[in-house]
Amino acid sequence: MSAARLPREAIRDMLADLKMPGSLEAIDQILSAVDSGQLTASEAIQRLLGAQIKLRNNRRLMAAMHSSRLPAIKTLEDFDFAFQPSIKREQIESLHELGFVERKENVVLLGPPGVGKSHLAISLAVAAAKRGRRVYYGTLIDLISSLEEAQATGQLLRRLTVLTHPALLVVDEIGYLPITHGGAVLFFQLISRRYEHASTVLTSNKGFEEWGAVFGDEVMAAALIDRVLHHCHLVNIKGNSYRMREHAELSRELNRESRARRTRAEITGTA
Ligand SMILES: Nc1ncnc2c1ncn2[C@@H]1O[C@H](COP(=O)(O)OP(=O)(O)OP(=O)(O)O)[C@@H](O)[C@H]1O
Ligand SMILES: [Mg+2]
């Protein structure tokens, strides 16, 4: 073994001893870059530690994928802001720094189908899971079903406690499917428990003025909105569906038609 190889071997042994496989895998490449003058010492240390943090975060995410019920991995990096100009990039990037989770604030993403509400809600949950925070994902219907099942078997309190525990809960798809009054009451209890206790990220295709109809009870919806909005970041997305991006004109036409339908319903009082 030549004298020049010794420190390198020692570093490898230390990284193995410290159980830092991410850094261990990256070390040879980093040291070669240092030898050829491409990296300074501080850059090399930054990369070495960064490689381990990346591996740890990905492992955390993989573990969280099992328990959090996240339907997919969506990230901020995959999000094309150019496609959705109504979104304030700085607001979304700042949310992904997760100060709102520490402060137990909420996020509400509103907008028509396909504009990226679930994508951004999931990417916030992914970012939190990578930081080691406990996250949980459900559509409104799924969450209510699980509360109803728990209620039927006398486990409601336990289930409410379990769902209050995650630092970040995503409640996706508020507004697509009708819910029963009993279901709305259960959801209200969940939001009341989480209020000022942990963050909730909610997505809806319906504006708040329509939540009374969604929950079948104007008074309860108002109390729900009051709790959600008290410490809340609102992201109102106005734009075309990403799913329909290859059919831009058709998508615009459908959006115009749905806005017109809503206005007609308001005028005739059937909204
Ligand atoms: N700006 C974007 N950049 C990249 N991918 C996007 C963007 N917007 C949406 N997508 C992708 O398009 C698909 C639809 O987006 P998403 O599910 O987030 O829409 P949504 O607003 O939740 O719609 P819905 O109300 O129908 O649930 C997803 O696969 C998502 O990852
Ligand atoms: Mg969605």
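Counting starts at 1 for both ligands and their atoms, in listed order. Below, all heavy atoms of this structure are taken into account, side chains as well, without hydrogens, waters or symmetry copies.
When non-hydrogen atoms are compared, ligand 1 lies under 4.0 Å from neither the backbone nor the side chain of N205. By the criterion of a heavy-atom distance under 4.0 Å, the side chain of Y176, and not its backbone, is placed next to ligand 1. The backbone of D78, and not its side chain, has at least one atom closer than 4.0 Å to an atom of ligand 1 (non-hydrogen atoms only; backbone = N, CA, C, O).
One option in K74, R243, H119 has a heavy atom closer to atom 27 (O) of ligand 1 than any other, and that option is R243.
Cation-pi geometry between R103 and F100 is not met at under 6.0 angstrom from the ring centre and within 45 degrees of the axis.
The nearest heavy-atom contact from the protein to atom 10 (N) of ligand 1 is Y242 CD2, 3.2 Å. The shortest contact between atom 23 (O) of ligand 1 and any protein heavy atom is with G114 N, 2.7 Å.
Ring pair F187/F215: centre-to-centre distance below 6.0 Å.
Counted by atom type alone, S32 and D35 present zero donor-acceptor pairs between their side chains at under 3.5 Å. Residues T153 and Q155 have side chains that never bring a donor and an acceptor to within less than 3.5 angstrom of each other. At a cut-off of 3.5 Å, with distance as the only test, a side-chain donor of H96 or S123 sits close to an acceptor on the other residue. A donor and an acceptor atom, one from each side chain of D172 and T139, are nowhere located under 3.5 Å apart.
The shortest N/O to N/O separation between D80 and ligand 1 falls below 3.5 Å. At under 3.5 Å, a nitrogen or oxygen of G116, whether backbone or side chain, sits near a nitrogen or oxygen of ligand 1. Below 3.5 Å of separation, one finds no N or O of F79 facing any N or O of ligand 1.
Note on S118: counted as a metal contact of the Mg ion (ligand 2), an N/O/S atom lying under 2.8 Å.
Listed by atom number, the atoms of ligand 1 under 4.0 Å from P113 heavy atoms are 23 (O), 24 (P), 25 (O), 26 (O).
Classification of the Y195-H231 ring pair by plane angle, with boundaries at 30° and 60°, yields parallel.
Under a 4.0 Å heavy-atom criterion, T203 is not in contact with ligand 1.
In summary, E102 and R131 do not engage in a salt bridge, as defined by a charged side-chain N under 4.0 Å from a carboxylate O.
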